[in-house]
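Have a look at the structure below, then the notes.
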Amino acid sequence: MAADSKDVVVELGFVEKTPAWKLNSKFFPSKVGGWPAWLALKGLPTPEELACRHCKKPLIFLCQVYAPFHEKYETCFHRTMFVFVCRDPDCCRDNDAFNIRVFRSQLPRKNDFYPNEPAKEVEAGAESPGAGDLNHLCRVCGALGPKTCGSCHVARYCSKDHQALDWKGGHKAECKNPESVSKRCSKSTAKLLFPEYEIELEPEEQEAAREKTEDEVMKEYEELLRSGQVTHQDDDDSDTENDLVNMATKETDKQFQKFRTRIKDYPDQILRYDREGEPLWVSSSNKVTQVPDCPGCGAPRQFEFQVMPQLLVHLKVDSAGQSIDWGTVLVYCCSQSCQQDRSYVEEVVFKQDYAPIEEVMKNQS
Ligand SMILES: [Zn+2]
Ligand SMILES: [Zn+2]
Ligand SMILES: [Zn+2]
Ligand SMILES: [Zn+2]
C-alpha cells in the first residue's frame, strides 16, 4: 500500500481469485464480497449502522481496502476501510449514496487481537483470530448477530430479514437438530452475498496517464458512437473525420472523455486508491463539492479511494432487469484518521453516475 508522501502514483485495484482461507482477518486482506474480514474484532458496527438509509434493510458487504497509515499515526499500523451496499435496486438512485455506507477501523501494532508479527500463511487455523471468536455473527452476512433463532437457540442473525431468508433457504429443516447448525448459512442463502475475490493493488504506470493523440481520441470516440453510449446529432455531412474530432472534443462530456482515456490502459481496474488525491470523475456533472468535516475531531475529510464501475461486472448484478450500479463510488475519510474511542468509525461516501446524454450536450454549450 502507498506510503504517505504525495509523489506516489495512484494505486489500482484488480480482482483476483484467491482461496477463501487467505482472505481471513489475520492476513489483513483487501477484498471484495463474501463476509467482511473484520479488522477490530470487537465493537463491530451495529445492525442500525449497517442498515440502508433508504429501506432500513441490512446492507451487504461490498469490499474492504487495507490501507495502513503508520508513517503518520501510530494508531494506524493496521487500518481497513469497509464498504457496504444495499442489494435492493430500488434504493439505487442517481448521484445518491444513501444505499452505501463506509466504516474505518484501525489498530496500533500492539493490540488486543493480533500478534506483533505477520501470521504465517497457512490454511490451518486461518479463521482465528476472527470476529467469530469474540462475537455472535449473523450466519447470513457475517455482521454482528444479536438475534437468536427462537427454536434452536443456535442460529444467529443481524436482523429479521436475514433470519427469514435463512429460514426459507434451509434453516427450517436443520433447526430441528441444533447440533447440526453451523456458523454459516447454506450456499443457496449465501447467494445474497457478492462473489468473493482478493483485491490486488498495483501502481498505475505514469505513462498510462499521458495525453492521448488525436488519432487515439478519434478511435475512442468512434468506439463510443458504435457502442451507443454517445449519440451525435444527425446532420447530412457530419461524417468527415474533422467533424468527428469536433464532436469528440466539443460535444461530449470532456470529463467523461478524460475518464475513458485514463482507464483505457487498465480497463479491468475496480478500484483507484489515491489518498489526498483527486478522484477520477466520470462526468462533469454532480462532482462532489461539499465534503463534511469529521464530526469526531473536526478535521477536514479527504478523498481516499473510489470504486470503479468495472467491479459491477464481477458482482454478477448487471444481468437482465434493473440492478444496482454506479458510475463511481467515492470514499472520503478524516484526514487525521481519528479514533473517537470506537472500533469502527463511519466515514462519508458519494456516488457519481454518468450524466444523461441530453445533459452532456447542454453542458458543452
Ligand atoms: Zn435499501
Ligand atoms: Zn445478516
Ligand atoms: Zn433455528
Ligand atoms: Zn476525525
Side-chain angles (χ1 to χ4, degrees), residues 33-38 44-52 55-62 67 69 72-76 79 81-82 84-88 101-106 131-132 135-186 188-194 275-276 291-304 331-349:
W35 281 16
W38 299 109
L44 307 187
T46 62
E48 291 71 35
E49 287 176 304
L50 286 178
C52 172
C55 70
K56 313 290 178 232
K57 282 192 218 130
L59 300 176
I60 294 299
F61 172 71
L62 178 66
F69 209 161
K72 207 163 172 188
Y73 303 111
E74 220 171 88
T75 50
C76 302
R79 181 170 171 279
M81 312 294 313
F82 297 81
F84 297 82
V85 64
C86 180
R87 267 289 205 176
D88 190 339
R101 296 178 86 160
V102 174
F103 295 85
R104 165 171 58 85
S105 180
Q106 59 200 38
N135 307 271
H136 293 294
L137 300 182
C138 172
R139 67 195 297 262
V140 176
C141 70
L144 216 51
K147 293 192 175 7
T148 311
C149 171
S151 1
C152 66
H153 301 286
V154 177
R156 308 288 301 221
Y157 302 99
C158 67
S159 59
K160 281 210 155 63
D161 267 80
H162 284 181
Q163 180 172 12
L165 201 76
D166 192 35
W167 186 255
K168 279 185 253 159
H171 184 63
K172 189 179 178 181
E174 68 182 1
C175 186
K176 297 180 195 95
N177 303 302
E179 334 51 78
S180 75
V181 178
S182 64
K183 285 195 167 173
R184 291 204 181 212
C185 65
S186 68
S188 66
T189 312
K191 284 208 181 100
L192 177 75
L193 306 175
F194 295 113
R275 185 163 55 213
E276 286 181 70
V291 181
D293 291 341
C294 171
C297 72
R301 283 199 177 97
Q302 63 191 20
F303 175 67
E304 183 150 347
V331 176
Y332 289 73
C333 295
C334 172
S335 53
Q336 304 294 311
S337 214
C338 67
Q339 185 76 52
Q340 301 179 28
D341 293 323
R342 315 195 53 174
S343 301
Y344 287 83
V345 174
E346 184 161 16
E347 294 287 11
V348 292
V349 60

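Only this structure's heavy atoms are used, side chains among them; waters, hydrogens and symmetry mates stay out. One-based numbering, in listed order, for ligands and for the atoms of each.
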I need the minimum non-hydrogen distance between Ser188 and Gly169, along with the two atoms involved. OG-O, 3.5 Å
Give a yes/no verdict on a cation-pi contact between Arg79 and Tyr73, requiring under 6.0 Å between NZ or CZ and the six-membered ring centre and an angle within 45° of the axis. no
Kindly indicate whether a cation-pi arrangement holds for Arg184 with Trp35, taking the cut-offs as under 6.0 Å to the six-membered ring centre and within 45° of the axis. yes
Nearest 10° is fine: what angle sits at the Zn ion (ligand 4) between SG from Cys297 and SG from Cys334? 100°
SG (Cys338) - the Zn ion (ligand 4) - SG (Cys294) angle, nearest 10°: 100°
Vertex the Zn ion (ligand 3): angle to NE2 of His171 and SG of Cys152, to 10°? 110°
Is there a salt bridge (charged side-chain N to carboxylate O under 4.0 Å, His left out) between Glu346 and Arg101? Walk through the geometry before answering. CA-CA 7 Å; Glu346 184 161 16; Arg101 296 178 86 160; 2.8 Å; yes
If you check every N/O/S atom of His162, which is the one nearest the Zn ion (ligand 2)? ND1
More than 12 non-hydrogen atoms from neighbouring residues, nucleotides or ligands closer than 6.0 Å to CZ on Arg301, yes or no? yes
Has His153 got an N, O or S atom lying less than 2.8 Å from the Zn ion (ligand 3)? no
Please note down the angle at the Zn ion (ligand 2) between SG of Cys158 and SG of Cys138, to the nearest 10°. 120°
